[in-house]
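Position 1 is the first residue of the sequence, and the numbers go up from there.
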Amino acid sequence: MNKDSFEYRYLKTIAELYPSIAEASTEIINLQSILNLPKGTEHFLTDIHGEYESFLHVLKNGSGSIRRKIEEEFGNSISSKDKKSLATLIYYPASKLELVLKEEDNIEDWYKITIHRLIRICRRAASKYTRSKVRKALPKDFAYIIEELITEKEELLDKEAYYNEIINTIIRIDRARELIMALGELIQRLVIDHLHIVGDIFDRGPGPHIIMDTLMNYHSVDIQWGNHDIVWMGAASGHLACIANVVRISSKYGNLNMLEDGYGINLIPLATFALKYYSEDPCECFKVDRSSEEGSSTSDIMLERRMHKAISIIQFKLEGQIIQNRKDFHMESRLLLDKMNLEKGVVMIGDTEYPLLDTHFPTISMEDPYSLTDDEIEVMKRLKKAFLKCEKLQRHVRFLYSQGSLYKVYNSNLLYHGCVPLNEDGSFRKVNVFGHGYSGKALYDILERYARKGYYSTHDPEEKKRGQDILWYIWSNENSPVYGKNKMATFERYFLEDKEMRNEIKDSYYSLVENEEIVNHILKEFGLDTETSHIINGHMPVRLKKGETPVKCNGKLLIIDGGFSKAYQKQTGIAGYTLIYNSYGLRLVSHEPFESIEDAIINEKDIHSDTVIVEQSTRRQLVSSTDKGEELVRKIFDLEKLLHAYRTGVFSQK
């Protein structure tokens, strides 16, 4: 072997890690055995839209995975009531324990029974992993004890006393509570090996910051950006139009508290501005969309409306500036402020005049309708500073960039939010991005490259500005893969009564994906086998009430947004689809609306979920069939080359 060759240098690097035949051989045996374990369970969630309570519950119960483990382990040997109690304890160990301690008369007996049951579930959940992987997942304070309990067979006579004494001692020294919490959290972790978030963590619901904190602490996760995530990423980069959109949507859904309390964004400058210019304006077109205004004073409600209107007008101006400066975005049809005739109270769209529902625009000069007033400039300057200086938001957005992308290929599945832009004939639409045409996978790749520059670029201001404008483009352009409609009809929804004008026509993709040939065409574009692969798709709510189905083309395409967001649930009839992909196949889970975490703990009310088996294997899928398995096979191949190098004297053992 030539000492200057790449192969020699590479094997020499591996030899540093495995400096002898014995160590290299042990690793080969270990890796080969891992290949024959069942594949880990993947959990797919999408379109969470800030609904943190529903999200946290579905995350904790693994879309019913924990209930299935309990059922498999205990069958009819314990009552349904005990199964519900055990499941609730696993989901919310600390909170459930507080209730038990108040209600239980014989707490020692309860501890013994409960710990034994949790150990059995834990042992079942850990059975398809190596001891090494389980060991890494163990909570530090109880690592040795739990490892002993889940690896020893309690029914063996010579071990029974040892096993029972561990539990008795834990109870005697008052550590049972902490052990139960550790076991509950460990089961949650072992039941789901990897989590996929297929877009739209943000907007509408009150807790995206709580969801992001949870994801940042999750053991294994990837994210496919949705359009609502993208606009927050743009806002965190300091892009004014994206900031205005984020604040407007928070205003629209009554979530300004989330901006102020969750992220510490100071909204006083916007409130002061709104009171100055809209103090006598009823702002009827800017009512807040939320289930109840109970507890809110009239003055608070009116202030919210005025802030809502103020930021909306600023948004229309800022977006108009981008459209005028970026002719290649081809969004001139969205320039509507200059088409208004306020004296007549109409706006000209195309060749038709439409009556305006609101004509009170004190900050718009019809001579130059897209220019900000000095006061508007000051408001946006203060908001930009608040977004850029918010460490929590910046931390969350950096996580979105590090763990996220516009699409992902993972274990023969293609994951994306939205659609692949298609022409009416099913061909990939060619889209102009700064003078070059891109379609299919290449379009995703170029948009993602610019999206990263929009946040991270520091040396080239023009390149950063391009990237920031692309973030806004991805949020709202008809050629954006994560948006997929002919327009964002925000202006029409506020100011026009004509419902036809509020319609946003979906990309051809949404009608064409009923055709299996089109789905196969997309899979091939991303390098996937059309016989074994699937597309996991978020973004468009599945309206079960109208007979829509999330499973298309013989299970090759799965649209799993069923409406976590309460704003969608009246349309969809359910509260979200999630997907479980374990070693036995694919399970689609539909969920009923979730009441509250408090109700789940006190009344042991789980989300009612229906499961449909989309695809089932007669034989369990093994690690060898996964992306990780491919990596291990390559590593085994390299280690066998290293063994040969040791045995032929190319390298000396240490």
Side-chain angles (χ1 to χ4, degrees), residues 203-204 227-228 241 244-245 247-256 274 277-293 296 298 301-320 323 331-366 369-370 475-478 483-507 510 540-541 543 545-546 563 565-572:
D203 287 338
R204 292 187 174 88
N227 52 322
H228 288 274
N245 270 281
V247 177
R248 178 187 64 80
I249 294 169
S250 297
S251 302
K252 179 175 172 59
Y253 290 98
N255 280 332
L256 291 177
Y277 286 93
Y278 301 99
S279 60
E280 303 302 319
D281 189 339
C283 298
E284 284 293 326
C285 297
F286 294 89
K287 292 176 180 176
V288 173
D289 293 348
R290 59 180 166 207
S291 57
S292 172
E293 290 184 334
S296 300
T298 303
I301 292 167
M302 291 311 301
L303 177 59
E304 284 185 329
R305 287 191 191 182
R306 287 162 184 151
M307 292 171 72
H308 186 185
K309 182 171 183 176
I311 197 64
S312 298
I313 301 305
I314 292 172
Q315 176 190 313
F316 294 136
K317 290 184 177 186
L318 291 167
E319 291 179 332
I323 294 165
M331 295 177 71
E332 287 78 12
S333 64
R334 305 314 302 149
L335 292 172
L336 297 175
L337 296 186
D338 60 311
K339 309 299 188 301
M340 295 191 302
N341 184 326
L342 298 182
E343 290 181 6
K344 289 176 66 177
V346 298
V347 60
M348 178 72 74
I349 302 178
D351 298 323
T352 307
E353 280 188 349
Y354 294 90
L356 288 165
L357 296 173
D358 188 343
T359 57
H360 181 67
F361 303 127
T363 68
I364 295 179
S365 163
M366 294 313 297
Y370 299 105
W475 155 246
S476 59
N477 190 275
E478 66 176 318
Y483 182 57
K485 297 178 187 177
N486 70 325
K487 65 181 179 184
M488 190 172 283
T490 311
F491 181 96
E492 290 89 338
R493 285 196 297 271
Y494 283 123
F495 299 127
L496 302 188
E497 195 166 356
D498 189 330
K499 291 183 179 178
E500 287 293 315
M501 292 303 293
R502 300 177 188 178
N503 284 343
E504 297 168 340
I505 300 168
K506 297 177 188 176
D507 191 275
Y510 290 100
M540 297 301 288
R543 289 168 174 81
K545 283 183 174 180
K546 293 186 177 180
S565 173
K566 290 175 183 174
Y568 285 142
Q569 287 171 12
K570 288 180 182 177
Q571 303 171 42
T572 61

Query raised in the report: Under 4.5 Å between any side-chain heavy atoms of S251 and V288, yes or no?
Result: no
Query raised in the report: Say you draw a straight line from OG of S312 to CZ of F361; how long is it, rounded to the nearest 0.5 Å?
Result: 10.0 Å
Report task. With side chain to side chain contact (heavy atoms under 4.5 Å, CB included) as the test, would you mind laying out the steps for M348 and N341 before giving the verdict? Result -> CA-CA 8 Å; M348 178 72 74; N341 184 326; over 6 Å; no
Query raised in the report: Rounded to the nearest 0.5 Å, how far does OG1 of T490 lie from CD of E319?
Result: 6.5 Å
Requested in this report: Could you pull out the closest heavy-atom pair between L256 and V247, with the gap in Å?
Outcome: CD2-O, 4.1 Å
**Report entry** Pairwise side-chain contact, L336 with E492, heavy-atom cut-off 4.5 Å (strictly under)
**Finding:** yes
Query raised in the report: By side-chain contact (heavy atoms from CB on, under 4.5 Å), which residues pair with E280, not counting sequence neighbours?
Result: none
Report task. Please test Y494 against K252 for side chain to side chain contact (heavy atoms under 4.5 Å, CB included), starting from the C-alpha separation and ending with a verdict. Result -> CA-CA 11 Å; Y494 283 123; K252 179 175 172 59; 4.0 Å; yes
Query - Heavy-atom closest contact (C285 atom, D358 atom, distance) - result: SG-CB, 3.9 Å
Requested in this report: Taking N503 for its side chain and I505 for its backbone only, find out whether a donor-acceptor pair lies under 3.5 Å.
Outcome: no
**Report entry** Pairwise distance OG(S250) to CE(M307) - rounded to 0.5 angstrom
**Finding:** 10.0 Å
Query raised in the report: Looking at NE2 of H360 and SG of C283, how far apart are the two atoms once the value is rounded to the nearest 0.5 Å?
Result: 7.5 Å
Query raised in the report: Between H308 and Y278, is the ring centre distance below 6.0 Å?
Result: no
Report task. Report yes if some heavy atom in the side chain of D289 is under 4.5 Å from a heavy atom in the side chain of R204; otherwise report no. Result -> no
Query raised in the report: Are R334 and E478 within salt-bridge range, i.e. N to O under 4.0 Å?
Result: no
Report task. For S476, check side-chain contact (heavy atoms from CB on, under 4.5 Å) against everything at least two apart and list the hits. Result -> M331, W472, M488
Report task. Check whether any side-chain heavy atom of K339 sits under 4.5 Å from a side-chain heavy atom of I349, and report yes or no. Result -> no
Query raised in the report: Taking 4.0 angstrom as the limit, do E284 and R305 come out as a salt bridge?
Result: yes
Query - Separation between NE2 of H228 and OH of Y483, rounded to the nearest 0.5 Å - result: 9.0 Å
Report task. Check the surroundings of atom CD in E332: do more than 12 heavy atoms from other residues, nucleotides or ligands lie under 6.0 Å from it? Result -> yes
Query raised in the report: Hey, are D338 and Y370 close enough side-chain-wise for a donor-acceptor pair under 3.5 Å?
Result: yes
Report task. Please list, chain by chain and in numerical order, all residues satisfying side-chain contact (heavy atoms from CB on, under 4.5 Å) with L356, sequence neighbours excluded. Result -> M340, L342, V347, T359, F491, F495, L496
Query - Inter-residue atom distance F286.CZ - I311.CD1, 0.5 Å rounding - result: 11.5 Å
Requested in this report: Report yes or no: does R306 contribute a side-chain atom to a donor-acceptor pair with the main-chain N or O of D281 at less than 3.5 Å?
Outcome: yes
